[in-house]
Amino acid sequence: MRTQRLGKRYGSFDALIDLTLQVERGEVFGLLGPNGAGKTTLLRTLLGFLQRTSGTAEVMGIDPAIDSVAVRRQVSYLPGDARLPRHMRGRAVLRFFAEIQPAGDLENCLAVADRLELDLRRHVGFMSTGMRQKLAIAAVVGSRAPLLILDEPTANLDPTVRARVLEMVSEAKEAGRTVIFSSHVLSEIEEVCDRVALLRGGRLAHQQSLHTLKARHRIVASWVPAAGSMQRNGAESAALDVPAALAESVVRAQVDGPRITIETAGDLAPLLPWLESLGLQQMRVEAYGLRAVYDSVHGEQVVEV
Amino acid sequence: MINRVLVRTYIGQAVLLWSACALALFAFAWVRVWVSSLVDMGQFRTIVEQFRDFERFSPVSFDSLFTHTGRLGMTFDEPIVILCTIIWAIARGSDVVSGELGRGTLEMLLAQPISRTRLLLSHAVVAVGGLALLVLALWAGLAVGVARTTVTETIPPPSIRIPFTALELPLTTGGPVTETFAMSSVVDPWTFGTAVFALFALGFFVLGLSTFLSSLDRYRWRTIGGVMAIYVLQLVMFGLGKATDRLDWLRGWSFFNCYRPQVQIAHVVAGGWTAPWRLTGPDPNSWFGPGVYPLILIAGGLLFYALAIAIFRRRDLPAPL
């Protein structure tokens, strides 16, 4: 999936602005952003539900503005608010979607429904919100389409089912399928995605490889510096001198009064002798996490990783 | 051009409404034939003659009604027949886009590899097919009613009117003679074929109109409101046009002016099977022959469908609320 300066405007409101993204085949790509950031607009434009205002888009090599049907032949899409025909029973819904989608597979849909412990004998109208969501997931994830687009798939689900859905996303990746995964839940994105794009106000605010992010840590400790071990740039805050050999591993080393914060990238092992030499106390090592990236983007400070 | 799976689903959605409407139309037509047989033609004539001053409100001349065929032809202007047909047309037409959007089900549906044109045409196949079967159910009710009903009529005794007086003197001393005969001996159900087509054309026009408004909207209740507003406005225009010669021009702007089932039946009775299908004549006061009017409704319905497809193909689909 590729977009180039993609834009979508409603009257005077820009829902998407110059959005350039690329999702590689076989990866799980996360879409993250606050409400109204443009995640769903992006997905719906890619499926041909919305006509783009500017830029280009391509899904599996096909422009959705030219042939959205061909795009949807390759895609299995779970909307953020998936609603199904209320007059049909669960099993009939799965049969309907398996028959209408060329990549549909009723047996697989039934297997997914079984994993989600869904009672397919009920009419959709008598199902709870969570059950309807599970049914929609079974219809979408059970398809053999090469590209899965899931818009907040775990909304309304209990923790056990959430975990199973995330398992299924991982299995889809292992089966060579591409997944675009939109969610508000940072931990889910961290768990299943290879890369994540953070949108804000219709723009791409930041892209992050989760593999790189997982190798980042923050070390927080109490410290009384020895004379000459730091460069003062203010009364309270100062940058810490880092040995040249560790410059690539230490992204930031900051002293604020008696507190030191060191942000690292990559393997921690080479840093250990240096950390020991600093004489730190009450040291705590924590994974950097998507929360920090999200907060920095949301707080209008884009972090470079 | 259509999708078999979608058609099957739409049939499943519509079958209950269709069954109710079909049953109502079939039973009503049958019962109406029977009720018609209960009212003696002489009595009927006497009653109708009381309203001779209001004949212009009748779709056909009163004289056309003094036959069993003419009386049964009134079935096509009965409110319940129009109501069932219009309910089907509005219910199905309004459902296709704004109904699915309102329920939020269009999102999942259009996530499948189906073009919007194909979706709309699949819906149209079920709606138009259902409409055709509904009017056929009405026709079947009439046919069954005609086949199963016997008529008992009072034949007035021969009498002589004394000139320049209001006196009629019976020529026999016996009472009036009653005669019983099968309705089928005086009414041919095939005569109503043209009226059935007129009813279908009316339903098709309203179906097209509903589909067109549905393709523009995202709320079904608003679509239905819009269709009903147009329907009532057109009905009022038609009524006012009939009420006074000064407003006669309004009739030409109402689609009800093209719904003339009783006139069509009168043409069959007067001129044979081909008469109601003529595109020109025989009425010197009209530009068109009787066959043009249902075709105008069909053309209007097709135009609305074409507009609906054009709009639906281009519009942005709002996300479910």
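None of the values given here were measured: they were computed from a predicted structure. So you know, we letter chains A, B, ... as the sequences are listed, proteins then strands, and number each from 1.
Proximity to chain A is absent for every atom of Glu100(B), based on heavy atoms less than 4.5 angstrom apart. The part of Arg116(B) that comes within reach of chain A is its side chain, from C-beta onward, which places non-hydrogen atoms under 4.5 angstrom from that chain. Neither the backbone nor the side chain of Leu47(A) comes within contact range of chain B, judged by heavy atoms closer than 4.5 Å. In this structure, chain B has a heavy atom under 4.5 Å from the side chain of Val140(A), while its backbone stays farther away. Arg73(A) touches chain B through backbone and side chain together, each having a heavy atom under 4.5 Å away. Residue Arg314(B) touches chain A through its backbone alone, counting heavy-atom pairs closer than 4.5 Å.
Ring-plane geometry between Trp30(B) and Phe26(B) is classed as perpendicular, the angle between the planes exceeding 60 degrees on a 0 to 90 degree scale with a lower cut at 30.
Just one residue in the list Leu119(B), Val125(B), Val5(B) forms a side chain to side chain contact (heavy atoms under 4.5 Å, CB included) with Tyr10(B), and that residue is Leu119(B). Checking Arg52(A), Lys8(A), Arg9(A) one by one against Asp316(B), the salt bridge (charged side-chain N to carboxylate O under 4.0 Å, His left out) holds for a single residue, Lys8(A). No option in Leu43(A), Ile149(A), Ile180(A) other than Ile149(A) meets the side chain to side chain contact (heavy atoms under 4.5 Å, CB included) test with Val75(A).
In this structure, Phe304(B) and Phe205(B) have side chains that are in contact, with non-hydrogen atoms separated by less than 4.5 Å.
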